[in-house]
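Right, one structure below, let's go through it.
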Amino acid sequence: MANLLTARKTMTIGEGGSALAFVGLALLSIVVAAKAYTPEFAFHAYLFTAASTAAVFAIINRYYERPIETPLTVDGKPNYNMGPVKFASVAAVFWGIAGFTVGLYIALELAFPFLNLDLPWITFGRLRPLHTSAVIFAFGGNVLIATSLYVVQRTCRARLVGEIAPWFVVLGYNFFIVIAGTGYLLGITQSKEYAEPEWYSDLFLTVVWVVYFLVYLGTIMRRTEPHIYVANWFYLAFIVTIAVLHLGNNASVPVSLFSPKSYIVWSGVQDAMVQWWYGHNAVGFFLTAGFLGIMYYFIPKRADRPVYSYRLSIIHFWSLIFLYIWAGPHHLHYTALPDWAQTLGMTFSIMLWMPSWGGMINGIMTLSGAWDKLRTDPVLRMMVVSVAFYGMSTFEGPMMSVKIVNSLSHYTDWTIGHVHSGALGWVGYISFGALYCLIPWLWNRPLYSLKLVNWHFWISTIGIVLYISAMWVSGILQGLMWRAYTSLGFLEYSFVETVEAMHPFYVIRALGGLLFLAGALLMAFNLWKTVNSAVSAAPAGLRLAPAE
């Protein structure tokens with residue numbers, strides 16, 4: 001009888017506290033929906049109500065179905081929590097296809113403006129932030145969450161901290177994506193690059209991100225492996241710095257609890273400085289540091305080789321972290337920003353070239369002794385080519401930050417080409433490679449078809465080359481036409497003439513985007529067939545992989 005009493009199931013503090021918090025959020029959301037100033041804001045309040053109610057029922061249902069206590073180890077091996085990792089991996093594929101599709105549509109809108117159909121919801125101005133948020137934060141963010149929660153468990157040999165918290169991170173983050181995306185279509189935006197969601201979305205994301213940080217840090221503190229592998233350093237820097245950037249750039253005062261509108265506390269040139277401190281470091285820490293964490297785990301793992309130089313990886317980390325945070329002002333050359341600040345941003349941008357290429361060399365040279373695998377393993381080839389794109393983009397970026405080059409390139413399509421060489425080539429390919437590794441491991445299935453991966457690689461590579469080449473030529477042509485003067489000192493070309501000159505390049509860009517989307521659809525099919533395969537992969541041996 002005493003044993004039965006001691007074994008009685010009780011609700012944990014996490015379960016009880018989370019359920020109460022969601023009940024409170026649901027009640028608050030109902031009040032906001034009833035008194036909302038606009039129907040769009042009321043719609044979002046109803047979404048919060050529905051999601052919070054569903055969360056309460058999910059927590060209670062889980063309490064009744066779970067065992068009395070979840071063991072941290074089973075037969076002496078870590079009892080990993082891979083459920084949230086699986087969800088984030090599938091979400092990444094879904095959001096990737098959605099984001100690439102929207103990108104293709106707005107590229108076609110630029111080439112053929114009639115495609116906006118005179119509907120306000122699908123104009124370029126509303127779909128463009130939907131595209132950037134979908135590919136950066138929905139696709140890229142889910143890839144980062146999935147890989148980080150996988151890598152921290154495997155390299156620390158420890159189960160994720162918390163049972164509700166990891167699920168709150170992945171589900172809460174994706175709910176934020178839904179709120180942000182529907183807000184863009186409904187016209188709810190604070191019009192800040194990469195930071196368009198309004199105050200209530202930002203507030204919710206802050207809570208999700210703090211929990212993400214606590215889960216990640218808590219898992220590292222729980223580790224049974226004494227060494228903290230370098231990939232975790234990059235992931236932790238990404239999580240901490242994005243939190244600081246988010247809070248600084250989105251400091252705002254809402255008009256009312258019942259209004260979606262808010263006003264940023266910064267103004268004028270200070271607002272521009274804070275925005276591009278945020279904007280460039282969203283690139284630096286979200287799209288670079290986080291994905292370098294992927295590189296430092298998945299390339300050694302796939303190549304079955306140790307990292308080329310662990311010492312170089314530490315130098316790479318500290319120099320990148322210190323230098324990147326200063327580079328933002330190079331977005332504001334020839335503006336009201338003080339000249340010393342512009343020069344500071346340019347100087348640190350040029351200095352960034354060295355640690356960036358140090359990381360590229362480290363990633364590519366990890367294949368020393370395994371170069372033959374590039375012929376037979378298209379997944380590894382995709383990841384290595386991503387590192388090559390990283391090297392190219394991190395040379396082009398510092399070059400474009402130099403004032404004399406920037407005077408030609410800024411506000412032109414050259415910048416678009418530069419961004420997409422990094423986004424499609426570096427971020428896209430390292431993400432695809434990670435998903436091709438991760439999903440077979442998570443579901444314990446062999447990858448359905450390496451031949452399809454090969455097709456994906458070549459189709460999307462042709463697409464990237466078409467895209468960035470068209471934008472390079474288009475951008476330089478734009479810059480030259482904009483600053484061409486007649487002998488009398490008048491502008492030689494009207495703005496309409498420059499737009500007309502861009503048309504063939506916009507068509508080529510759309511074709512490149514179509515090929516990239518086609519490759520991603522091949523990946524989605526390949527991974528779907530992998531998950532639904534009836535054949536299980538052979539169990540892995542006890543030998544540790546090089547990155548573990």
Side-chain angles (χ1 to χ4, degrees), residues 9-26 29 47-72 74 78-95 137-154 156 158-180 201 203-222 235 238-239 242-243 290 435 438-439 441-443 531:
K9 186 190 295 186
T10 57
M11 186 169 276
T12 64
I13 295 174
E15 289 170 331
S18 300
L20 287 174
F22 281 118
V23 168
L25 181 57
S29 300
L47 286 182
F48 270 100
T49 303
S52 301
T53 304
V56 173
F57 280 106
I59 291 168
I60 294 173
N61 185 60
R62 183 189 177 281
Y63 164 70
Y64 283 112
E65 291 187 350
R66 69 170 171 82
I68 293 172
E69 186 177 356
T70 304
L72 297 180
V74 176
N79 181 24
Y80 298 128
N81 181 7
M82 293 302 178
V85 180
K86 286 184 175 182
F87 182 91
S89 300
V90 173
V93 177
F94 171 79
W95 288 120
F137 298 116
F139 170 65
N142 274 289
V143 168
L144 287 171
I145 290 173
T147 56
S148 65
L149 296 184
Y150 179 87
V151 169
V152 75
Q153 292 185 87
R154 299 290 294 188
C156 293
R159 183 181 175 86
L160 287 175
V161 165
E163 295 300 318
I164 302 297
W167 279 108
F168 173 68
V169 171
V170 296
L171 294 174
Y173 185 79
N174 280 278
F175 180 71
F176 160 76
I177 295 297
V178 171
I179 291 293
S201 307
L203 199 57
F204 180 73
L205 179 61
T206 301
V207 177
V208 171
W209 208 258
V210 169
V211 175
Y212 181 25
F213 170 70
L214 293 175
V215 167
Y216 200 88
L217 188 63
T219 306
I220 290 176
M221 293 173 68
R222 179 187 271 182
Y235 281 127
F238 137 71
I239 295 168
I242 290 299
L435 289 169
L438 200 55
I439 287 180
W441 295 343
L442 291 171
W443 272 270
V531 170

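Throughout, numbering of the chain's residues begins at 1 and tracks the sequence.
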Please find the pair of heavy atoms, one from [X] and one from [Y], that lie closest to each other, and give the distance.
X      : Y      : value
Ile179 : Ser201 : CG2-OG, 3.2 Å
Tyr63  : Met11  : CE1-N, 3.5 Å
Ala92  : Val143 : CB-CG2, 3.6 Å
Ala146 : Leu438 : CB-CD2, 4.1 Å
Pro71  : Val74  : CG-CG2, 4.2 Å
Leu160 : Arg222 : O-NH1, 3.2 Å

Going from [atom1] on [X] to [atom2] on [Y], what distance comes out if it is rounded to the nearest 0.5 angstrom?
X      : Y      : atom1 : atom2 : result
Thr219 : Leu149 : OG1   : CG    : 7.5 Å
Leu442 : Leu435 : CG    : CG    : 10.0 Å
Ile177 : Leu205 : CD1   : CG    : 8.0 Å

State which residues pass ring-ring contact (aromatic ring centres under 6.0 Å, His included) with Phe168; sequence neighbours excluded, sorted by chain then number.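 So Phe168 forms a ring-ring contact (aromatic ring centres under 6.0 Å, His included) with Phe22.
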Identify, with sequence neighbours excluded, every residue that meets ring-ring contact (aromatic ring centres under 6.0 Å, His included) alongside Phe137.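 Testing Phe137 for ring-ring contact (aromatic ring centres under 6.0 Å, His included), a comparison that skips the adjacent residues, returns Phe286.
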Counterpart residues, side-chain contact (heavy atoms from CB on, under 4.5 Å), relative to [X] (two or more places apart):
X      : answer
Leu171 : Phe87, Trp167
Leu20  : none
Ala165 : Val211, Val215
Pro67  : Thr70

Give every donor-acceptor pair under 3.5 Å between a side-chain atom in residues 50-59 and any protein atom, sequence neighbours left out.
residue: Ser52; atom: OG; partner: Phe48; partner atom: O; Å: 2.7
residue: Thr53; atom: OG1; partner: Thr49; partner atom: O; Å: 2.8

Test: salt bridge (charged side-chain N to carboxylate O under 4.0 Å, His left out). Region: residues 166-179. Which pairs qualify, not counting sequence neighbours?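 Matches after skipping sequence neighbours: none remain.
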For residues 11-21, which residue pairs qualify under salt bridge (charged side-chain N to carboxylate O under 4.0 Å, His left out), counting only residues two or more places apart or in two chains?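 Found Glu15-Arg62, Glu15-Arg66.
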How would you list, by chain and number, every residue that makes a side-chain hydrogen bond (donor to acceptor under 3.5 Å, both in side chains) with Arg159, sequence neighbours excluded?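 Arg159 satisfies side-chain hydrogen bond (donor to acceptor under 3.5 Å, both in side chains) with Glu163 once adjacent residues are dropped.
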Determine the sole option in Phe213, Tyr216, Trp209 for which the ring-ring contact (aromatic ring centres under 6.0 Å, His included) test with Phe238 is passed.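 Among the candidates, only Trp209 passes.
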Side chain to side chain donor-acceptor pair (under 3.5 Å): which pairs involve residues 139-149, sequence neighbours left out?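 Residue pairs with at least one partner in residues 139-149: Asn142-Asn174, Thr147-Tyr235, Ser148-Tyr212.
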Close side-chain approach of Pro84 and Val169, heavy atoms under 4.5 Å: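 Contact flag for Pro84/Val169 side chains = no.
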Do the non-hydrogen side-chain atoms of Val208 and Phe176 ever get within less than 4.5 Å of each other?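 A side-chain contact is absent here, since even the closest heavy-atom pair is not under 4.5 Å.
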